[in-house]
Amino acid sequence: LAGLSLDDIDLVELNEAFASQALACLKELPIDPARLNVNGAPYSVELDPHVNLLDAVRDAIGLTGSKEGCDDSECGACMMLLDGKPVNSCSYLAVQADGRDVTTVEGLAEGDELVTLQRALLEHGGVQCGFCTPGMLISATALLRNNPDPSEEDVRIALSGNLCRCTGYDGIVRAVLSAAAAGPAV
């Protein structure tokens with residue numbers, strides 16, 4: 001490039017060539033398997049660095065209870081617990097969960113038995129189409145583990161990151177309060 005002026009250099013072509021070479025180099029790098037601990041079971045999965053936790057759990061591990069609703073951290077359908085704290089897995093890179101504890105909706109039940117919170121959702125009309133239910137269960141579980149005797153306001157705040165288009169939330173809130181009143185709900 002010595003002796004050339006900026007007018008002689010096609011910056012778009014130069015950028016495309018650089019990007020192409022960089023991508024070729026990245027594709028040749030070995031991908032170390034991530035170690036995901038999901039619902040108490042260890043999984044070693046090869047993941048591209050850009051794969052989110054939701055896709056890794058659904059596609060690489062095969063647990064499809066968590067849903068993709070918005071792909072933008074707006075609806076909460078993809079909610080999972082990461083080290084006990086709720087995260088929107090659609091916006092959380094899977095490699096960030098390497099070596100950490102992930103709990104999906106499938107990990108809430110005790111074998112084939114529903115936990116108190118799951119039964120309460122069914123009994124109080126907190127489930128209709130079911131699309132938001134996994135995220136609601138995860139958010140409510142996180143709440144009840146940290147606050148076993150929440151107020152209605154506590155429940156509504158804890159569920160505020162989860163959208164439901166069917167129930168109007170009242171049945172869900174009643175279910176969480178009922179599960180809390182019944183004792184250890186999670």
Side-chain angles (χ1 to χ4, degrees), residues 36-41 50-94 96-97 100-186:
L36 299 179
N37 184 26
V38 181
N39 301 330
H50 70 278
V51 172
N52 65 37
L53 183 58
L54 176 65
D55 289 342
V57 168
R58 288 180 61 86
D59 299 339
I61 297 174
L63 297 174
T64 59
S66 301
K67 308 298 182 206
E68 181 178 330
C70 66
D71 196 28
D72 195 26
S73 293
E74 295 290 329
C75 73
C78 67
M79 200 71 69
M80 295 180 192
L81 296 177
L82 185 66
D83 295 333
K85 302 206 181 310
V87 297
N88 287 304
S89 64
C90 72
S91 297
Y92 198 90
L93 293 175
Q96 291 176 284
R100 299 173 72 186
D101 290 324
V102 177
T103 304
T104 68
V105 68
E106 291 93 341
L108 299 181
E110 296 170 352
D112 290 337
E113 296 295 316
L114 299 178
V115 294
T116 303
L117 179 59
Q118 291 169 312
R119 285 192 309 276
L121 271 176
L122 293 172
E123 292 166 3
H124 291 275
V127 177
Q128 286 187 20
C129 83
F131 197 81
C132 71
T133 304
M136 291 287 184
L137 282 165
I138 291 291
S139 293
T141 296
L143 167 68
L144 294 175
R145 285 181 180 169
N146 291 315
N147 180 0
D149 188 26
S151 67
E152 180 176 336
E153 181 182 12
D154 294 333
V155 174
R156 291 187 182 276
I157 289 170
L159 300 179
S160 65
N162 300 80
L163 298 180
C164 176
R165 296 175 187 251
C166 301
T167 67
Y169 299 95
D170 289 337
I172 297 168
V173 171
R174 281 193 309 271
V176 175
L177 291 170
S178 172
V186 291

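Throughout, residue positions are numbered sequentially from 1 according to the sequence presented.
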Nearest non-hydrogen partners of Asp55 and Glu68, listed with the distance: OD1-OE1, 4.0 Å
Pair Asn88, Ser91: side-chain N/O donor-acceptor within cut-off below 3.5 Å: no
From CG (Leu82) to CG (Leu36), nearest 0.5 Å: 10.0 Å
Residue pair Thr141 / Leu81, side-chain heavy-atom distance below 4.5 Å: yes
Nearest heavy atoms of Val51 and Ala56, plus distance in Å: CG1-N, 3.9 Å
Test item: Val176 and Leu144 side chains (from C-beta on) under 4.5 Å apart, heavy atoms: yes
Minimum heavy-atom distance Met80-Ser89, with the two atoms named: CE-OG, 3.5 Å
Asn162 side chain to Gly135 backbone, donor-acceptor under 3.5 Å: yes
N/O donor-acceptor pair under 3.5 Å between Glu106 side chain and Gly65 backbone: yes
Leu121/Ile172 under side chain to side chain contact (heavy atoms under 4.5 Å, CB included): CA gap, chis, key distance, verdict: CA-CA 6 Å; Leu121 271 176; Ile172 297 168; 4.1 Å; yes
Side chain to side chain, Cys90 and Ser73, heavy atoms closer than 4.5 Å: yes
Leu93 side chain near Leu53 side chain, heavy-atom distance below 4.5 Å: no
Pairwise distance CD1(Ile138) to CG(Leu159) - rounded to 0.5 angstrom: 12.0 Å
Salt bridge present between Asp170 and Arg156 (N-O < 4.0 angstrom): yes
Heavy-atom closest contact (Ala180 atom, Pro148 atom, distance): CB-O, 3.5 Å
Neighbour count >12 (heavy atoms, 6.0 Å) for atom CZ, Arg100: yes
Whether over 12 other heavy atoms sit under 6.0 Å from Asp149 CG: no
Minimum heavy-atom distance between Ala77 and Phe131, given as atom pair plus value: CB-CE2, 3.9 Å
Side chains of Arg58 and Leu63 in contact at under 4.5 Å (non-hydrogen atoms): no
Glu110 and Val115: CA distance, side-chain angles, deciding distance, side chain to side chain contact (heavy atoms under 4.5 Å, CB included) verdict: CA-CA 7 Å; Glu110 296 170 352; Val115 294; 3.8 Å; yes
Reported SG-to-NZ distance for the pair Cys78 and Lys67, which is rounded to 0.5 angstrom: 12.0 Å
Side chain to side chain contact (heavy atoms under 4.5 Å, CB included) assessment of Asp71 paired with Asn52: CA-CA 10 Å; Asp71 196 28; Asn52 65 37; 4.0 Å; yes
Pairwise distance CZ(Arg165) to SG(Cys129) - rounded to 0.5 angstrom: 9.5 Å
OH-CE distance between Tyr169 and Met136, expressed to the nearest 0.5 angstrom: 5.0 Å
Distance (rounded to the nearest 0.5 Å) between Arg145 CZ and Thr103 OG1: 6.0 Å
Donor-acceptor under 3.5 Å (Ser160 side chain, Ile157 main chain): yes
Thr167 versus Cys164, closest heavy-atom pair with distance: OG1-SG, 3.1 Å
Val105 and Met79, any side-chain heavy atoms less than 4.5 Å apart: no
Any donor-acceptor N or O pair under 3.5 Å, side chains Thr104, Asn39: yes
Residues Leu117, Leu108; criterion side chain to side chain contact (heavy atoms under 4.5 Å, CB included); working and verdict: CA-CA 9 Å; Leu117 179 59; Leu108 299 181; 5.9 Å; no
